[in-house]
Protein chains: 2
Amino acid sequence: MKWLEMSTENCTVQRTLDLVGEKWTLLLLRDAFNGVRRFDDFRRHVGLSEAVLADRLRKLAAAGILVTVPYQERGSRTRHEYRLTPKGRDLWPVLVALRQWGETYVGDPEGPVLDIRHRDCGAPVRVVVECPDEHTALSPTEVTVLPGPAARPAG
Amino acid sequence: MKWLEMSTENCTVQRTLDLVGEKWTLLLLRDAFNGVRRFDDFRRHVGLSEAVLADRLRKLAAAGILVTVPYQERGSRTRHEYRLTPKGRDLWPVLVALRQWGETYVGDPEGPVLDIRHRDCGAPVRVVVECPDEHTALSPTEVTVLPGPAARPAG
DNA sequence: TCTCTGACTTTGTTTCTCGAAGCTAGCTTC
DNA sequence: GAAGCTAGCTTCGAGAAACAAAGTCAGAGA
C-alpha cells in the first residue's frame, strides 16, 4: 500500500494538529513553556483577542495539555492559572524543533532570542531525529518508511 | 529581562509558524515528505479545497520550502510538480516530533500508521532534544533558558 | 457604597475556508 | 479541424473563524 492510497483518518500528525494546530495554540504553548500561566499575561504577551484566548485555553485544558490550578493573591479573589501537564510538556520537542528551524532560516542575525543550554555542561541544546541504538542524528534519506500496523486504505 | 517583558517580534517559533503554521500547511509537508508532488494528489489525499491548496503551495514555494519542477508525461503538456528543497527537508524534525507526540497520546491502538526505521539497523527512530556533547535526551527541567543576544524588550 | 481588577463573554465587522463551477492550454480522437 | 479530455488552477457565493471593542461579573479595598 502506497502513501497516496492510505487513509489519513488515523494519522497521528493530523490528530496532533487537530489539538495544537489552530492559530495561536503553539504560541500559547511557547509562552507556557516559558512560565506564563495567567490569562492576562498570555493575552498581552502573545497578542491575541480575548475571545480566541479563552477558547484556546479551554480546548487545551479539555485535551489535558494544560490544567487549571486555583491561586489567590493578597487582596484578590481566587482565580485560576493554566499550567502544563506532563502531556503538555511532552510537546517540548515540537517547539524546540520549530525554534531550531527558525534560528537557521528566519533568525535574527544577532543570534537567538532565547538561549537554551544544557544545565550540566552549558552547551546549547538541539533537536535530532535519532536511532535509539546508535544515537546519531539521522536525515530523511537514512530511514525506511513503510505502512505500519494501523495503516488503512483511504475510504 | 524576563520572558514576559521580551518582544516576540523576532521570536523564531513565531516566524516559523508564520510560514508553516497555517491550517493545512504542515499536512501538505507531511505528504511532501511521503513523496507527494502533484497538485491533484495533494488535493485528493490531504482533502483541502483547491483554492486553499493553490494558495499554500504558492506560499511554500515563495518561502523556498518547495520548488516547482517542470515535468511532462506522455500525452500531456508540460506541468510542474512541487518538491521539497533542503530548507523544506530541514522541517523533518518538526513533523517527526508531532508524529511522535501523536503516537503517544492520540495514536491508533494497533500501532503507528507509518513505521519509520533507521535504514542501517532497523530500529524505530525517535526525536530527542539533546546536548551535542553528551548525546543524552533532555527534558525541559534539564536546561537553562536565558535571553539571548537578540532579546529585545516588548514595544 | 463605589470603584478597581482579572477573567471572561458578547457584539458587529472583516478575513478565511469551503464546495462548486468556470477557465485554460495542450493532447487525443473523430 | 472541431470537439472532448485532463491537470492545474481561478472565481464565486455562503458559512465559519478571528478581530477590536464594549459589556459582564465577582470579590477586594477605600
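Letters go in sequence order (proteins before strands), and every chain restarts at 1.
Between A:Tyr71 and the phosphate of C:dG6, there is no side-chain N or O to OP1/OP2 separation shorter than 4.0 Å.
Inter-residue side-chain proximity for B:Phe33 and B:Leu114 is flagged as unmet; no heavy-atom pair is nearer than 4.5 Å. Looking at B:Thr68 and B:Leu57, their side chains never come closer than 4.5 Å, going by heavy atoms from C-beta outward. Annotation: side chain of B:Trp3 is in contact with side chain of B:Met6 (closest heavy-atom distance under 4.5 Å). At least one side-chain heavy atom of A:Pro112 sits under 4.5 Å from a side-chain heavy atom of B:Pro149. Within the 4.5 Å cutoff, side-chain heavy atoms of B:Glu130 are placed close to those of A:Glu130.
Side chain of B:Asn10 to main chain of B:Ala150: a donor-acceptor pair is present (N/O by atom type, distance under 3.5 Å, no hydrogens or angles). In terms of modelled atom types and a separation under 3.5 Å, the side chain of A:Arg43 and the main chain of A:Ala54 share no donor-acceptor contact.
Residues of residues 41-62 of chain B having a heavy atom closer than 4.0 Å to DNA chain D, listed by number: B:Glu50, B:Ala51, B:Ala54, B:Arg58.
The nearest whole Å value for the distance from the CD atom in B:Glu22 to the P atom in C:dC18 is 11 Å. Taking atom CG of A:Asp40 as the reference point, atom C1' of C:dC4 lies 14 Å away to the nearest angstrom.
Applying side chain to side chain contact (heavy atoms under 4.5 Å, CB included) to A:Thr16 and the options B:Thr104, B:Leu26, B:Val106 leaves one that passes, B:Val106.
Protein chain A contacts DNA chain D from D:dA18 to D:dG29, reading 5' to 3' and using non-hydrogen atoms of the protein with a distance under 4.0 Å.
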